[in-house]
Amino acid sequence: MTIQVYWIRNAVLVKEVAFARSVEEALSVVVFKLEKMEMAEKLKRQIEFTSSGPEYYLSLDSINKGFFDEFSKVNSRAGLAQFAQKSNLTQQIIDYMMDIRKVKPIKERINESILDSLIDVELQVTGIRTTFEYGVFNIPGNKMVFQKTGKYPSQLLNIEKSYQFALFPGDIQGSKNFLIVYFPNERNFLLGQMASLLLVSVGFILIIIFAFFFTVTTVFKQKKLSEMRSDFINNMTHEFKTPISTISLACEALKDKDIVKTESLFDNYIGIISEENTRLKSMAEKVLQTAIIDKGELKLRKEWVDFNEIIREAVKKINIQVKNKGGQVLLDLNTENVKLKADRMHLMNVILNLIENANKYNLTNPEILISSYESDLGVHIHIQDNGIGISKNNQKKIFDKLYRVPTGNIHNFKGFGLGLSYVKAIVDKHDGNVSVTSELNKGTTFKIFLPFGDLNK
């Protein structure tokens with residue numbers, strides 16, 4: 001980026017130098033043409049005078065010869081008038097001859113409209129097509145004789161911002177007047193000429209910024225993903241270790257020859273092994289399902305199912321866990337005889353995951369309300385609890401894979417961080433949507449919408 005900025009700066013400087021050179025070329029031509037025009041006018045008048053010279057000289061000679069004679073004869077009013085008439089003619093001839101050679105005031109030497117046209121034409125020739133302001137400054141009078149618009153007097157007098165050129169440099173006593181030109185939009189004009197160059201450079205800078213941002217973001221995401229994977233492995237190891245240890249202890253007890261093997265003892269240990277085995281199977285199933293979803297290989301077996309029946313069956317499976325914590329599950333189902341085209345097993349797992357979370361993330365007696373209602377396009381189900389709640393920042397991330405809501409110093413909540421990502425994946429597969437509203441220490445509500453499905457399929 002530093003190289004790009006340095007390159008742009010140098011390019012602007014080069015353009016400024018080229019602009020100044022073009023202005024000098026154009027205005028030098030203007031000054032030359034003004035002087036050439038004045039010389040042409042003087043030459044024209046000189047030719048006119050020269051062509052009629054003999055008559056003027058003869059008249060002047062005859063006037064001079066008879067000047068004293070006439071003056072001595074003046075003794076009447078008529079004679080005096082004749083003498084004055086001849087004297088006036090002499091003065092006119094002298095004035096005419098002197099007028100060709102004398103230096104006039106600058107206002108009489110320059111026509112403003114011609115000057116404006118000359119500047120405009122010469123600037124156009126050199127490729128400078130932008131607004132300009134000009135003025136003519138007289139050194140002896142220390143004032144601006146005239147300006148184009150009068151809007152930029154201070155800028156014209158600022159030698160760092162304007163361009164100054166001596167007018168009529170061929171004068172015998174040296175130039176006493178200067179043509180000053182100022183360009184109000186000079187910087188914009190130069191940038192406009194470099195538009196394509198600047199766009200390319202800005203494009204490169206944006207690419208660099210984007211690449212840098214993308215790289216840094218990727219590094220942080222990878223770091224976060226690495227931490228989440230590490231947590232997942234630790235949690236999974238812990239979760240699997242507990243049932244494995246329980247099964248191992250039960251097996252050792254059954255093998256111990258010192259323990260009296262009664263029928264009730266066998267039933268008790270076999271029941272423990274069966275429960276822990278089921279738990280292991282459930283956890284392994286979650287991991288496998290997540291892997292299948294990630295690979296895009298999940299295929300739903302859709303069939304027409306009774307929505308209320310699925311909810312009641314899910315509640316029946318998890319109700320014992322809720323009651324063990326002194327809680328209850330309440331139903332408010334307004335979807336009787338509603339049929340959905342859905343995968344029964346996965347839809348059941350969605351409801352189970354949400355009820356299980358509502359029960360797990362609760363430090364008191366869980367109160368879980370499951371309500372449903374029907375709309376024109378499908379069914380809506382709300383699962384509301386009185387648990388610990390979720391902060392607004394974490395609500396945006398809870399459906400991400402492996403993400404677990406930080407619980408501070410509380411370490412009572414086990415899990416892999418796969419449940420809610422699975423819920424979202426399954427709901428999306430059914431062309432539905434899931435959202436959450438929550439408030440810390442007041443509870444959480446998960447809202448799911450599922451379309452009826454295509455009746456023709």
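Remember, predicted model here, so these are calculated numbers, not experimental data. Numbering starts at 1 and runs along the sequence shown.
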**Request:** May I have the step-by-step check of side chain to side chain contact (heavy atoms under 4.5 Å, CB included) for L27 and Y134, ending in yes or no?
**Result:** CA-CA 11 Å; L27 296 183; Y134 70 84; over 6 Å; no
Ignoring hydrogens, what is the shortest heavy-atom contact between [X] and [Y]? Give both atom names and the distance.
X    : Y    : answer
F183 : T130 : CD2-CG2, 3.9 Å
A314 : L352 : O-CD2, 3.4 Å
S391 : L440 : N-CD2, 3.7 Å
W7   : S201 : CZ3-CB, 3.9 Å
E367 : L330 : OE1-CD1, 4.5 Å
E24  : F165 : CA-CZ, 3.6 Å

Could you check whether [X] pairs with [Y] (Lys NZ or Arg NE/NH1/NH2 to Asp/Glu carboxylate O, under 4.0 Å)?
X    : Y    : result
K33  : E122 : yes
R109 : E38  : yes
E336 : R312 : yes
K36  : E41  : no
E309 : K339 : no

Quick check for you: to the nearest 0.5 Å, what is the distance between [X] atom [atom1] and [Y] atom [atom2]?
X    : Y    : atom1 : atom2 : value
F32  : M39  : CZ    : CE    : 10.5 Å
L331 : S371 : CG    : OG    : 9.5 Å
K360 : I318 : NZ    : CD1   : 9.5 Å
C251 : I273 : SG    : CD1   : 4.0 Å
I106 : K176 : CD1   : NZ    : 11.5 Å
S196 : Q193 : OG    : CD    : 10.5 Å

Any side-chain heavy-atom pair from [X] and [Y] closer than 4.5 angstrom?
X    : Y    : answer
F132 : Y152 : no
M37  : I114 : yes
I370 : L354 : no
L377 : F449 : yes
L115 : L179 : yes
E313 : I351 : no
N362 : T364 : yes
K447 : V434 : no

**Request:** Determine, step by step, whether H380 and S375 satisfy the side-chain hydrogen bond (donor to acceptor under 3.5 Å, both in side chains) criterion, reporting the C-alpha distance in whole Å, the side-chain angles of both residues, the deciding distance to 0.1 Å, and the verdict.
**Result:** CA-CA 8 Å; H380 300 259; S375 67; 3.2 Å; yes
What do you reckon, is [atom1] of [X] surrounded by more than 12 foreign heavy atoms closer than 6.0 Å?
X    : atom1 : result
L199 : CG    : yes
I320 : CD1   : no
M345 : CE    : yes
L206 : CG    : yes

Would the distance check show the side chain of [X] and the main-chain N or O of [Y] forming a donor-acceptor pair, the cut-off being under 3.5 Å?
X    : Y    : value
T335 : V338 : no
K325 : N359 : yes
S162 : N158 : yes
E133 : T149 : yes
T215 : A211 : yes
T218 : F214 : yes
N386 : N365 : yes
S117 : S113 : yes
H430 : D343 : yes

**Prompt:** Picking from T445, N394, D385, T444, what satisfies side chain to side chain donor-acceptor pair (under 3.5 Å) with S438?
**Reply:**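 Exactly one option meets the side chain to side chain donor-acceptor pair (under 3.5 Å) with S438, and it is T444.
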**Prompt:** Between E263 and D267, does a side chain to side chain contact (heavy atoms under 4.5 Å, CB included) hold up when you go through it step by step?
**Reply:** CA-CA 6 Å; E263 186 176 346; D267 290 342; 4.0 Å; yes
**Message:** Less than 3.5 Å apart, any donor N or O on the side chain of N433 or S435 sitting next to an acceptor on the other?
**Reply:** no
**Message:** Checking side-chain polar atoms at under 3.5 Å, does N349 have a donor or acceptor matched by the opposite partner on Y422?
**Reply:**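 Short answer, yes.
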**Request:** Would you please test I139 and F178 for side chain to side chain contact (heavy atoms under 4.5 Å, CB included) and show each step?
**Result:** CA-CA 8 Å; I139 293 177; F178 281 83; 3.1 Å; yes
**Complete:** From the list T126, V121, D120, side-chain contact (heavy atoms from CB on, under 4.5 Å) partner of Q124 resolves to D120
**Request:** Apply the side-chain contact (heavy atoms from CB on, under 4.5 Å) test between K424 and each candidate in L420, V427, D428; give the one that qualifies.
**Result:** D428
**Message:** Is there a salt bridge (charged side-chain N to carboxylate O under 4.0 Å, His left out) between E16 and R187? Walk through the geometry before answering.
**Reply:** CA-CA 9 Å; E16 287 177 349; R187 180 52 62 98; 2.7 Å; yes
**Message:** Quick one, E356 with Y361, criterion side chain to side chain contact (heavy atoms under 4.5 Å, CB included). Give me CA distance, side-chain angles, the key distance, then yes/no.
**Reply:** CA-CA 9 Å; E356 186 180 15; Y361 295 100; over 6 Å; no
**Request:** May I ask you to check if K161 and Y182 form a cation-pi contact, with NZ or CZ under 6.0 angstrom from the six-membered ring centre and within 45° of the axis?
**Result:** no
**Message:** Tell me whether the NZ or CZ atom of R129 lies within the 45° cone about the ring axis of F189 and under 6.0 Å from its centre.
**Reply:** no
